[in-house]
Peer 1: 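Okay, here's the structure, questions in a sec.
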There are 2 protein chains.
Amino acid sequence: MNKDSMLALDNQLCFAVYACSREIFRFYRPLLDELGLTYPQYLTLLVLWEKGELTVKELGSLLFLDSGTLTPMLKRMESAGLIRRQRSPKDERKVNVSLTEDGKALKERARCIPETFLQKSDLPEKELRDLLERLQGLQQQIRCLNESQ
Amino acid sequence: MNKDSMLALDNQLCFAVYACSREIFRFYRPLLDELGLTYPQYLTLLVLWEKGELTVKELGSLLFLDSGTLTPMLKRMESAGLIRRQRSPKDERKVNVSLTEDGKALKERARCIPETFLQKSDLPEKELRDLLERLQGLQQQIRCLNESQ
DNA sequence: ACCAATTTAATTGTGTACAATGTAATTGCG
DNA sequence: CGCAATTACATTGTACACAATTAAATTGGT
């Protein structure tokens, strides 16, 4: 209870979230390597599989990433033949991102990934669901704070 | 409950953790800008303030970072006058990292950062503590899985 | 004591993140 | 309509992350 405990690494929620995030990355890596994907690319495909064609802007607001991150990543995914990027004819400012056949086909091969995580983590599904919802709540809370500044 | 729900972005714990981590980064940024620190540099200082002098290896095992990340970051912190890096005389393979007076002095200015987060997040301290412990548990769980491979 | 195996950092190369800036297209107000 | 403000991306520059490799120092078995 000394005054320094507030600064102890193990008492920082921020570090716990950050370290946990990277640990999960490491878990996913060998699974994603088989599909030739990085982790952010996998998340991008999750969105496209779910929603179909989207603009860069829409992708960004779902993934909380900006064009500085997305543009180069999407170019790499286009080179890999997973997606197409094309200017919207109606509004030349927008770039529509859509799946190629190869990109669509990856979905079936990716299906086992969340299941593998669920099984190997060996925690009750209810517990993971609860943690998920708390984190979503916390993120939204902080996002409001960040956006109001 | 359809078969695709497992692949929905909003059902991915991994994404919730990742997005939350970056949202917290964004919250800390303006506070850390005042101290001239990045977020990983702040975490590194937390460790050094708590433990005193450490080798790169020891820092890495506390922060879960390797020399590929730490070496350039520590060089930047050395250039900024916050730390010293010196080869151990006893074992020339090791590099000891220690705080300069400026680095030590930052501790008092950083003290308000975790408090600000606690206050602004506006969540019960008990809730945040609970989330912290769950995340630490999850990280350890996954780390075991990752290391056993 | 000798030398292969191990340990510790540093380096290299790729891929995010993100602030700040630039640019072209579109909107909306007077 | 005319044009300033806004919007959507792209670009630039800095800073992580991390796998893979390299290099130097140390250790441990014979």
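Side chains are part of it too, since the values below use all heavy atoms of this structure and drop only hydrogens, waters and symmetry mates. Reminder, nothing fancy here: chain letters follow the sequence lines and each chain counts from 1. Just so we're clear, the structure is a prediction, and the values are computed from it rather than from any experiment.
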Peer 1: Of the candidate nucleotides C:dA17, D:dA25, D:dC9, which contains the atom at the shortest distance from the side chain of A:T55?
Peer 2: D:dC9
Peer 1: Hey, is the side chain of B:T38 poking within less than 4.0 Å of OP1 or OP2 on D:dC16, counting only N and O atoms?
Peer 2: yes
Peer 1: Quick one: which of C:dA17, C:dA19, C:dT8 gets closest to the side chain of A:P40?
Peer 2: C:dA17
Peer 1: According to a strict under-4.0 Å criterion, is A:Y18 in side-chain N/O contact with OP1 or OP2 of D:dA17?
Peer 2: yes
Peer 1: Of the nucleotides C:dA17, C:dT8, D:dT26, which has the atom closest to the B:K94 side chain?
Peer 2: C:dT8
Peer 1: When you check the phosphate oxygens OP1 and OP2 of C:dC18, does a side-chain N or O of B:R22 lie under 4.0 Å from one of them?
Peer 2: yes
Peer 1: Within a strict 4.5 Å, meaning less than it, do heavy atoms of the B:L7 and A:R111 side chains meet?
Peer 2: yes
Peer 1: With a 4.0 Å limit, can you tell me whether A:R85 has a side-chain N or O closer than that to the phosphate oxygens OP1/OP2 of D:dA10?
Peer 2: yes
Peer 1: Would you check if B:F15 and A:Y42 make a side-chain contact, meaning some heavy-atom pair closer than 4.5 Å?
Peer 2: no
Peer 1: Using the six-membered ring wherever Trp is involved, compare the ring planes of B:F25 and B:Y39 and label them parallel, tilted or perpendicular (cut-offs 30° and 60°).
Peer 2: tilted
Peer 1: Using a 4.0 Å heavy-atom cut-off across all strands, classify A:S67 as base, sugar-phosphate, or nothing.
Peer 2: base
Peer 1: What's the CZ-P distance between B:F27 and C:dC18, to the nearest Å?
Peer 2: 16 Å
Peer 1: Tell me the interatomic distance from A:R29, atom CZ, to D:dC18, atom P, rounded to whole angstroms.
Peer 2: 7 Å
Peer 1: Would you kindly compare A:E23 and A:V95 by the position of their nearest DNA chain D nucleotide and give the one closer to the 5′ end?
Peer 2: A:V95
Peer 1: Where the side chain of A:K57 is concerned, which of C:dT16, D:dT26, D:dC9 is the nearest nucleotide?
Peer 2: D:dC9
Peer 1: From the list D:dC18, D:dC9, C:dA19, which nucleotide is the closest neighbour of the side chain of A:V56?
Peer 2: D:dC9
Peer 1: For A:M73 and A:E92, find the nucleotide of DNA chain C closest to each by heavy atoms; which residue's nucleotide sits nearer the 5' end?
Peer 2: A:M73
Peer 1: Does A:K75 make a side-chain N or O approach to OP1 or OP2 of D:dT11 shorter than 4.0 Å?
Peer 2: yes
Peer 1: Using whole Å, report how far CG of B:L54 lies from C1' of C:dT8.
Peer 2: 15 Å
Peer 1: Hey, is the side chain of A:K90 poking within less than 4.0 Å of OP1 or OP2 on D:dA8, counting only N and O atoms?
Peer 2: no
Peer 1: Which whole-number value in Å describes the distance from A:Q86 CD to D:dA8 P?
Peer 2: 18 Å
Peer 1: Look at B:E127 together with A:R134 and state whether they make a salt bridge at an N to O cut-off of under 4.0 Å.
Peer 2: yes
Peer 1: Starting from P on C:dG15, measure out to CG on A:L65 and report it in whole angstrom.
Peer 2: 16 Å
Peer 1: Ion pair present between A:K75 and A:E78, side-chain N to carboxylate O less than 4.0 angstrom?
Peer 2: no
Peer 1: The side chain of B:R26 is closest to which nucleotide in this list: C:dA19, C:dA10, D:dT6?
Peer 2: C:dA19
Peer 1: State whether B:R87 places a side-chain N or O below 4.0 Å from either non-bridging phosphate oxygen (OP1 or OP2) of C:dA9.
Peer 2: no
Peer 1: Given atom CD of A:Q41 and atom P of C:dT14, what is their separation to the nearest angstrom?
Peer 2: 14 Å
Peer 1: Check every atom of C:dA24, D:dT26, C:dG15 against the side chain of A:R93 and return the nucleotide holding the closest atom.
Peer 2: C:dA24
Peer 1: Any side-chain N or O of B:R76 below 4.0 angstrom from OP1/OP2 of D:dC16?
Peer 2: yes
Peer 1: Give a yes/no answer on whether the side chain of B:T71 brings an N or O atom under 4.0 Å of OP1 or OP2 in C:dA10.
Peer 2: yes
Peer 1: Taking side chain as C-beta onward, heavy atoms only, is A:V97 less than 4.5 Å from A:E53?
Peer 2: no
Peer 1: For B:E58 and C:dT7, give me the distance from atom CD to atom P, rounded to whole Å.
Peer 2: 15 Å
Peer 1: Could you state the atom-to-atom distance from CG of A:D91 to P of C:dT23 in whole Å?
Peer 2: 20 Å
Peer 1: Please tell me if the side chains of B:L135 and A:L13 come closer than 4.5 Å, counting only heavy atoms from C-beta onward.
Peer 2: yes
